[in-house]
Amino acid sequence: MDKFKVRFAPSPTGPFHIGGARSALFNWLLAKKEKGTFVLRIEDTDLARSTRESEENIKKALHWLGLSWDEGVDVGGENGPYRQSERLHLYEAVTKRLLEEGKAYHCYCSEEELEKERQAQMDKGETPRYNGHCRHLTAEQKEAYEKEGRKPVVRFHVPLNEVISFDDMVRGHVSFESNGVGDFVIVKSDGMPVYNYGVVIDDHDMEISHVIRAEEHLSNTPRQIALFKALRWEIPTFGHISLILGKDYKKMSKRHGATSVEQYKNLGYLPEAIVNFLALLGWAPEGEQELFTREELISAFSMDRVAKNPAVFDIDKLNWINFNYMKQLSSEELYNLCLPHLQEAGYAGETPSMEEKAKLMLMCETVKEHISYGAQIKNEVNMFFAEDITLDKGQEEEIAAVKGEESFMQVLEIFKDKLFSMEEVTVEKVKAAIKELMKETGLKGKFVYMPIRIALTGRMHGPDLNNIVVLLGKETCIKRLENPV
RNA sequence: GGCCCGUUGGUCAAGCGGUUAAGACACCGCCCUUUCACGGCGGUAUCGGGGGUUCGAUUCCCCCACGGGUCACCA
């Protein structure tokens, strides 16, 4: 195996999980770094759960993240097909060989029988594994079973008393006793290969040199290695990356909030930010840099700096990273990112006019420093659309203190008059008006800004006040200044 | 339960026998700002426990505890 070749092999059985995205990313980064090949293979042997729709979702998400594949479904390649359901004839040939060489055999045990055995072993504190019941059936016995209507599976005969070990790229030397493995099913009774079987044949056929996948596959590895050995195929190098955990240290699941790439996309996160964040989950660069362009990531990435321990998904950090990427957006890009969320909240029309777009763009720019991802704009911007504003619950005391100032109403009055006489409200004019107000009253700083801010927004925190006045418009401002909540 | 993997602040983490145990997020404080932020500066806070090995252990070994993964005709 002279070429560096990796693959991402998802099964299309649901939304594309963020953990899968990280596995794909690590493979992709390594392929780029080593100038190798990144393959996308679809493992759809689970007929009941696999859907074409899910496959499309995964591919869409991969494209959105910018993790394009050099070989695989859609793009083709020399070692196709790249969908397992289209490779059945290839598995059959290998099964035939294994059967002939006596390394695999038909098994007629029913699920009930196996379950009973498994329980018994568990109760005795033993490793549950197949007891070898069908390992040496005679032709007559087989026939009898067939007559009963039993459909056989094919089991792989795992050699006894062997130590199966390998050097994992992230975990180092790992070893298992072959006796603890037990003869496992490689072909289901419906003729479909089982995961542990399909991967081996595919990885071999596709000349995969390095298998980088999640840690949950670590204990599958001895089975796969046993198969590679039985087939006398070269064994790829494995690297098992740790899992992504939720705040409660349990594997990331729906309970922890958004778990699929699509959800993050819909919330208004940027693909570069997700890639950057995911790269930092379980991998640490040599220096102190936190924000990386794709190219920087490629050149900095290496498997020996991948952590062994699982990592908790920290949404705050993702938000911070996304915030940084949002800052780099042009007004137009920012607007495009936020528009769907403004529309969803009813703050923007289906196809905004030039005039409306200009206003919305100003709005996005105004609140840009207060939001970490697109969907958050709804909360920041509601003050511009709400009929009536309410006081910020968390700041009641502070707000009361401001309202208690004797100059409170005076400031509002004067500012209202100045607004009233303005023909056109612009940021410059508002600034000038406030300056005048300060001169006239002798008040300064927060003693003039805060009363106006609270009257206009009901909050002590928010975007720049001058912009708020312009975005709110003359009428609304005057109304709120006259009757502060 | 068996087997396997893991354990540095609240979180991501650097460290690879001798360090004042980096850095980032979050949090708090200060500065900047005639408001709010952004930004800048600073602060609080970490080696799971017990044995060894060693002149010296966060680092190496063993045991325990805890967390996770896996034991499917799912992947």
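Keep in mind that the numbers below use all heavy atoms, side chains included, and drop hydrogens, waters and symmetry copies. Values in this document were obtained by computation on a predicted structure and should not be read as measured data. Proteins get letters first, then strands, A, B, ... in listed order; numbering begins at 1 in each.
Of the candidate nucleotides B:A13, B:U35, B:C38, B:A13 has the atom nearest to the side chain of A:Ala307. Comparing B:U34, B:A26, B:U8 by their nearest atom to the side chain of A:Met438 picks out B:U34. Comparing B:C5, B:G39, B:U35 by their nearest atom to the side chain of A:Phe323 picks out B:G39. Closest to the side chain of A:Glu215, out of B:A13, B:U11, B:G68, is B:G68. The side chain of A:Leu218 approaches B:C5 more closely than any other nucleotide in the set B:C38, B:C5, B:C25. You'll find that the side chain of A:Glu288 is closest to B:G23, out of B:G6, B:G67, B:G23. Among B:C73, B:C38, B:C4, the nucleotide with an atom closest to any side-chain atom of A:Val174 is B:C4. Here the nucleotide nearest the side chain of A:Glu111, chosen from B:C12, B:A75, B:C73, is B:C73.
Atom pair A:Leu280:CG and B:C12:P shows a separation of 12 Å (rounding to whole Å applied). The interatomic distance linking A:Tyr130 (OH) with B:C3 (C1') rounds to 21 Å, in whole Å. The NZ-C1' distance, from A:Lys251 to B:C74, rounds to 11 Å in whole Å. In this entry the distance linking CD of A:Glu436 with P of B:U34 reads 18 Å, nearest Å. The distance from atom CD of A:Glu113 to atom C1' of B:A72 is 16 Å, rounded to the nearest whole Å. Atom CD1 of A:Ile321 is separated from atom C1' of B:G23 by 13 Å (rounded to the nearest Å). Whole-Å rounding puts the A:Asp203 CG to B:A75 C1' distance at 13 Å. Separating the CD1 atom of A:Ile244 from the P atom of B:G69 is a distance of 14 Å, rounded to the nearest angstrom.
No aromatic stack links A:Trp320 and the base of B:C25, using centre distance under 5.5 Å and interplanar angle under 30°.
Around NZ of A:Lys446, the count of heavy atoms belonging to other residues, nucleotides or ligands within 6.0 Å does not exceed 12. Atom CD of A:Glu286 has 12 or fewer heavy atoms from other residues, nucleotides or ligands within 6.0 Å.
Separating the P atom of B:G51 from that of B:C12 is a span of 29 Å, rounded to the nearest Å. Look at the C1' atom in both B:G67 and B:C28: the space between them is 31 Å, to the nearest Å. Using P as the reference atom, B:G42 and B:G23 are 9 Å apart when rounded to the nearest Å. Spacing of P atoms, B:G9 relative to B:G49, comes out at 10 Å, to the nearest Å. Remark: the separation of the C1' atoms in B:U46 and B:A21 is 9 Å, to the nearest Å. Rounded to whole Å, the P atom of B:U7 lies 16 Å from the corresponding atom of B:U58. Across the C1' atoms, B:G39 and B:U33 are found 10 Å apart, a figure rounded to whole Å. Taking atom C1' in both B:U11 and B:C30, the straight-line distance is 25 Å, to the nearest Å.
Contacts of A:His240 with the nucleic acid, taken as non-hydrogen atoms under 4.0 Å apart, are absent.
Between A:Val469 and A:Phe415 there is a side-chain heavy-atom pair separated by less than 4.5 Å. Considering only heavy atoms from C-beta on, A:Arg171 stays 4.5 Å or farther from A:Phe238 through its side chain. Within the 4.5 Å cutoff, the side chain of A:Asp44 has no heavy atoms near those of the A:Arg49 side chain.
Contact check, A:Tyr249 against B:U11: a side-chain N or O comes under 4.0 Å of OP1 or OP2. Under 4.0 angstrom from either OP1 or OP2 of B:A72 there lies at least one side-chain N or O belonging to A:Arg118. The phosphate of B:U34 has neither OP1 nor OP2 within less than 4.0 Å of any side-chain N or O from A:Lys439. Dashed line: the shortest gap from a side-chain N or O of A:Ser242 to OP1 or OP2 of B:G69 is not under 4.0 Å. Phosphate contact (OP1/OP2 of B:G15, side-chain N/O of A:Arg305, threshold under 4.0 Å): present. Checking the phosphate oxygens (OP1, OP2) of B:C36, no side-chain nitrogen or oxygen of A:His461 falls inside 4.0 Å. OP1 or OP2 of B:A75 has at least one side-chain nitrogen or oxygen of A:Lys188 nearer than 4.0 Å. For B:G39, the OP1/OP2 oxygens have a side-chain nitrogen or oxygen of A:Lys327 closer than 4.0 Å.
Applying the Watson-Crick and G-U wobble criteria (two distances, each under 3.5 Å), B:C73 pairs with nothing in any strand. With a cut-off of 3.5 Å on both pairing distances, B:C47 has no Watson-Crick or G-U wobble partner at all. When Watson-Crick and G-U wobble pairs are counted only if both distances are under 3.5 Å, B:C55 pairs with B:G18. Nucleotide B:G67 forms a pair with B:C5, judged by Watson-Crick or G-U wobble geometry with both contacts under 3.5 Å. Across all strands shown, nothing is found opposite B:U34 as a Watson-Crick or G-U wobble partner with both distances under 3.5 Å. Pairing for B:C41 is with B:G29, a Watson-Crick or G-U wobble pair whose two hydrogen-bonding atom distances lie under 3.5 Å.
Donor-acceptor pairing under 3.5 Å, judged by distance alone, is present between the side chain of A:Asp464 and the base of B:U35. Counting atom types as modelled, A:Asp314 pairs no side-chain N or O with a base atom of B:A26 as donor and acceptor under 3.5 Å. On a pure distance criterion of 3.5 Å, no polar donor-acceptor pair joins the side chain of A:Ser219 and the base of B:C4.
Because its NZ or CZ atom is both nearer than 6.0 Å to the ring centre of A:Phe26 and within 45° of the ring axis, A:Arg22 counts as a cation-pi partner of that residue.
With RNA chain B read from its 5' end, the first of the two nearest nucleotides for A:Pro10 and A:Ala284 is the one closest to A:Ala284. Residue A:Tyr449 is the one, among A:Tyr449 and A:Asp190, whose nearest nucleotide of RNA chain B lies closer to the 5' end (criterion: closest heavy atom).
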* To do: Would you sort out whether A:Glu262 and A:Phe16 count as a side chain to side chain contact (heavy atoms under 4.5 Å, CB included), showing the intermediate values?
  => CA-CA 7 Å; A:Glu262 196 180 7; A:Phe16 187 36; over 6 Å; no
* Derivation of the side chain to side chain contact (heavy atoms under 4.5 Å, CB included) call for A:Arg453 and A:Ile468 -> CA-CA 9 Å; A:Arg453 178 179 287 281; A:Ile468 290 179; 3.9 Å; yes
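Under the 6.0 Å cut-off for aromatic ring centres, A:Phe8 and A:Trp69 do not qualify, their centroids lying 6.0 Å or more apart.
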